[in-house]
Amino acid sequence: MLIEHVDAIVGMRRSVNLTQGDVPGTAPEIPANLRETDTQGGYAKTVRHNWAIDLDAPTAEPGKPVDLLLFAGEGAFDMRYQRTLRSLVKILKAANADFAVLGEDERDTGDTARRLGDEATFQSPKRTIATLAKLDFKRIVTADPHVLHSLRNEYPALGGRYVVVHHSSDRRADGAGCIATGRAARRARTDIS
């Protein structure tokens with residue numbers, strides 16, 4: 001579905017920001033936080049994965065290949081969203097999926113900065129691309145639609161080309177996805193209840 005008026009509005013907002021430096025309301029706080037902490041809310045990067053502390057989720061490391069890289073996104077700081085991430089990790093573990101999280105190396109993808117028209121802050125994804133280049137993974141899975149959009153549609157222009165799937169729609173042609181079908185998936189549904 002092509003919704004062209006959204007692109008036109010975002011383009012106008014970018015133009016106003018770039019030419020006049022005008023950003024509405026409290027929106028200037030977000031790019032400032034992104035520049036200082038790599039998070040929209042100004043949180044320390046060290047707390048981004050506190051939601052997974054007791055789950056024993058593996059952390060991605062250079063030289064250690066994995067099938068799936070779980071990119072949590074900014075929602076990792078939100079209690080409701082953390083429940084989704086925790087459930088996803090439990091399902092992946094129950095399905096014996098080969099996955100890892102980025103841990104403290106994860107940064108904001110810059111989606112909000114781009115929507116606000118702050119192209120200078122949006123250049124920060126180059127650091128994320130450099131981090132991902134050091135890792136060996138086949139696909140990125142995320143529960144965050146903003147991460148999905150940025151990594152899939154905007155990062156290629158900056159040199160970051162990845163296979164990115166949303167956790168709710170990951171399917172391959174053979175019917176399997178990142179979450180195994182059959183017994184493991186049934187067990188995962190009962191284990192996370």
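In this text, all values refer to a predicted model and were calculated from it rather than measured experimentally. The chain is numbered in sequence order, starting from 1.
Listed here is the closest heavy atom pair of P125 and L158: CB-CD1, 4.1 Å. The shortest heavy-atom contact between T109 and S150 is OG1-OG, 3.4 Å. Taking both residues in full, the closest heavy atoms of F71 and R107 are given as CZ-O, 3.6 Å, listed atom of the first, atom of the second, then distance. Among all heavy-atom pairs drawn from V165 and L148, the shortest one is C-CD1, 3.8 Å. Nearest approach of T59 to A100, heavy atoms of both residues: C-CB, 3.9 Å. Annotation for A143 and T84: closest pair CB-CG2, 4.1 Å, computed over non-hydrogen atoms.
Taking 4.5 Å as the limit, every side-chain heavy atom of F99 sits out of range of all side-chain heavy atoms of V66. Within the 4.5 Å cutoff, no side-chain heavy atoms of V101 are placed close to those of P58. Between D56 and K93 there is a side-chain heavy-atom pair separated by less than 4.5 Å. Two residues are said to be in side-chain contact when any heavy atoms from C-beta on lie closer than 4.5 Å; W51 and R86 meet this criterion.
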- Applying side-chain contact (heavy atoms from CB on, under 4.5 Å), run through V164 and Y155 and close with a yes or a no. CA-CA 11 Å; V164 187; Y155 274 47; over 6 Å; no

- For L55 and K90, run side-chain contact (heavy atoms from CB on, under 4.5 Å): C-alpha distance rounded to whole Å, both residues' side-chain angles, the deciding distance at 0.1 Å, then the answer. CA-CA 8 Å; L55 295 177; K90 289 176 184 178; 3.8 Å; yes

- Task: Give the intermediate values and the outcome of side-chain contact (heavy atoms from CB on, under 4.5 Å) for residues T128 and L102.
- Result: CA-CA 10 Å; T128 298; L102 274 172; 5.7 Å; no

- What's the verdict on side-chain contact (heavy atoms from CB on, under 4.5 Å) for I140 and L132, showing C-alpha distance, side-chain angles and the deciding distance? CA-CA 10 Å; I140 296 173; L132 295 176; 4.1 Å; yes

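Remark: side-chain polar atoms of Y81 are paired, donor with acceptor, to backbone N or O of D144 under 3.5 angstrom. Counting only distance, with no hydrogens or angles, the side chain of E106 and the backbone of A72 share a donor-acceptor pair below 3.5 Å. Between the side chain of D67 and the backbone N or O of D98 there is no donor-acceptor pair closer than 3.5 Å. Although no hydrogens or angles enter the test, the distance criterion places a donor-acceptor pair under 3.5 Å between the side chain of R161 and the main chain of P156.
Both L135 and V147 sit in one connected hydrophobic cluster of ILVMFWY residues. Membership requires side-chain heavy atoms under 4.5 Å apart, directly or through other members.
Note that NE2 of H49 and CG of D105 are 9.0 Å apart. Values are rounded to the nearest 0.5 Å. H167 NE2 to L85 CG: the interatomic distance, rounded to the nearest 0.5 Å, is 8.5 Å. Here CG of D108 is found 12.5 Å from OH of Y43. Values are rounded to the nearest 0.5 Å. Atom NZ in K138 sits 9.0 Å away from atom CG in L68 (nearest 0.5 Å). Once rounded to the nearest 0.5 Å, the distance linking CZ of F137 with CG of L70 reads 12.0 Å.
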